Chemist: 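First, the structure itself, so that you have it in front of you.
Note that the structure is predicted; figures quoted are calculated from it, not measured. Just so you know, ligand 1 is whichever comes first in the structure, and atom 1 is the first atom listed for that ligand. Excluded from the calculations below are hydrogen atoms, water molecules and symmetry mates; all remaining heavy atoms, backbone and side chain alike, are included.
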Amino acid sequence: MHYPVVEMDRPDLDTAVDIRAGAHSDYGSLTLLFQRASQPGLEILTPNSSWSPVSVHPPGTEHDSFPPILVNIGDLMQFWTNGLLNSTVHRVVFPEGESKDRYSIAYFCHPLDHIEIEAVPSDMIRDRKTENMQQRAEKVTAEGYLKKRLADTYGWGKQQSPARD
Ligand SMILES: O=C(O)CCC(=O)C(=O)O
Ligand SMILES: [Fe+2]
């Protein structure tokens with residue numbers, strides 16, 4: 001992803017409101033995020049509902065040539081584990097007071113299309129049924145799940161209504 005430079009002194013920019021990527025959780029099981037040094041911006045939503053910046057070079061990695069690979073838990077992992085592992089809500093904000101672009105690479109790990117989405121068959125996971133867990137009567141494949149998420153988010157695959165006179 002390339003987030004282009006935005007001049008911080010633009011009169012129409014309000015960094016309290018304007019952000020680079022809105023709050024979301026990833027759809028798949030795990031996401032591997034590759035970031036570049038000195039290009040911060042990622043924030044996660046903490047359990048007390050505040051945003052916390054994620055360091056590109058966490059302690060102990062300051063002198064590494066490349067930032068470590070960041071692993072994000074996605075919604076599918078939350079579903080597979082009945083919420084034992086919860087997906088992270090995150091967003092990307094502008095760096096404070098600086099006009100810089102940001103580059104990142106996200107690898108979204110997703111099952112093959114035909115795989116049926118169901119919780120991991122273990123007693124520990126089975127016992128963890130929570131209110132949050134979506135109880136699904138019908139079987140869903142990885143492809144069906146992904147298409148639904150894309151449709152909910154972007155209207156992907158939905159018929160455009162014909163233009164009217
Ligand atoms: O660019 C980033 O640092 C995060 C991107 C992201 O969250 C996403 O593509 O899902
Ligand atoms: Fe994401």
Side-chain angles (χ1 to χ4, degrees), residues 1-10 12-113 115 117 119-120 130 132-134 136 140-158:
M1 257 103 34
H2 175 218
Y3 303 88
V5 175
V6 172
E7 295 307 325
M8 286 295 131
D9 53 4
R10 275 176 69 141
D12 58 345
L13 181 70
D14 177 359
T15 52
V17 180
D18 299 323
I19 52 175
R20 281 181 151 162
H24 67 280
S25 52
D26 295 343
Y27 306 161
S29 51
L30 292 175
T31 304
L32 304 183
L33 185 70
F34 300 79
Q35 301 173 95
R36 297 184 78 179
S38 311
Q39 295 187 357
L42 187 69
E43 293 188 339
I44 56 165
L45 193 61
T46 64
N48 65 10
S49 301
S50 63
W51 289 103
S52 176
V54 178
S55 172
V56 177
H57 273 293
T61 70
E62 294 90 342
H63 305 297
D64 295 357
S65 330
F66 299 101
I69 302 165
L70 188 141
V71 181
N72 247 327
I73 292 173
D75 296 337
L76 208 47
M77 186 65 81
Q78 180 169 332
F79 181 83
W80 275 339
T81 62
N82 280 347
L84 180 65
L85 301 173
N86 284 312
S87 58
T88 342
V89 176
H90 52 280
R91 66 180 188 175
V92 182
V93 297
F94 290 105
E96 212 153 285
E98 278 182 274
S99 305
K100 274 209 260 177
D101 39 11
R102 171 179 168 85
Y103 290 88
S104 67
I105 298 173
Y107 171 80
F108 301 109
C109 190
H110 218 269
L112 294 173
D113 281 351
I115 299 297
I117 304 299
V120 174
T130 63
N132 292 337
M133 204 204 127
Q134 296 149 279
R136 292 208 180 110
V140 180
T141 61
E143 183 185 21
Y145 164 80
L146 183 60
K147 284 184 171 167
K148 178 162 186 344
R149 292 299 303 266
L150 291 170
D152 290 348
T153 311
Y154 303 109
W156 185 88
K158 292 208 174 118

Chemist: Going by side chain to side chain donor-acceptor pair (under 3.5 Å), name the pairs with one or both residues in residues 27-40, residues two or more places apart or in two chains.
Modeler: Asp26-Thr31, Tyr27-Thr153, Gln35-Arg102
Chemist: If the condition is side chain to side chain contact (heavy atoms under 4.5 Å, CB included), which residues does Glu96 pass it with, not counting sequence neighbours?
Modeler: none
Chemist: Judged by atom type as modelled, is there a donor-acceptor pair below 3.5 Å linking the side chain of Thr61 to the main-chain atoms of Asp64?
Modeler: no
Chemist: Looking only at N, O or S atoms, which one in Asp26 sits nearest to the Fe ion (ligand 2)?
Modeler: OD1
Chemist: Tabulation required: pairs of a nitrogen or oxygen in ligand 1 and a protein nitrogen or oxygen under 3.5 Å; columns are atom names and distance to 0.1 Å; otherwise 'none'.
Modeler:
residue: ligand 1; atom: 1 (O); partner: Tyr3; partner atom: OH; Å: 2.5
residue: ligand 1; atom: 1 (O); partner: Ser104; partner atom: OG; Å: 2.6
residue: ligand 1; atom: 3 (O); partner: Arg102; partner atom: NE; Å: 3.4
residue: ligand 1; atom: 3 (O); partner: Arg102; partner atom: NH2; Å: 2.4
residue: ligand 1; atom: 7 (O); partner: His24; partner atom: NE2; Å: 3.2
residue: ligand 1; atom: 7 (O); partner: His90; partner atom: NE2; Å: 3.0
residue: ligand 1; atom: 10 (O); partner: His24; partner atom: NE2; Å: 3.0
residue: ligand 1; atom: 10 (O); partner: Asp26; partner atom: OD1; Å: 3.1

Chemist: State which residues pass side chain to side chain contact (heavy atoms under 4.5 Å, CB included) with Leu84; sequence neighbours excluded, sorted by chain then number.
Modeler: Thr81, Met124, Ile125, Arg128
Chemist: Would you say that more than 12 heavy atoms from the other residues, nucleotides or ligands in this model lie under 6.0 Å from the CZ of Phe34, or not?
Modeler: yes
Chemist: Angle subtended at the Fe ion (ligand 2) by NE2 of His90 and NE2 of His24, to 10 degrees?
Modeler: 90°
Chemist: Between His57 (side chain) and Ser55 (backbone), is there a donor-acceptor pair under 3.5 Å?
Modeler: no
Chemist: What's the spacing between Arg149 CZ and His110 NE2 if we round to 0.5 Å?
Modeler: 8.5 Å
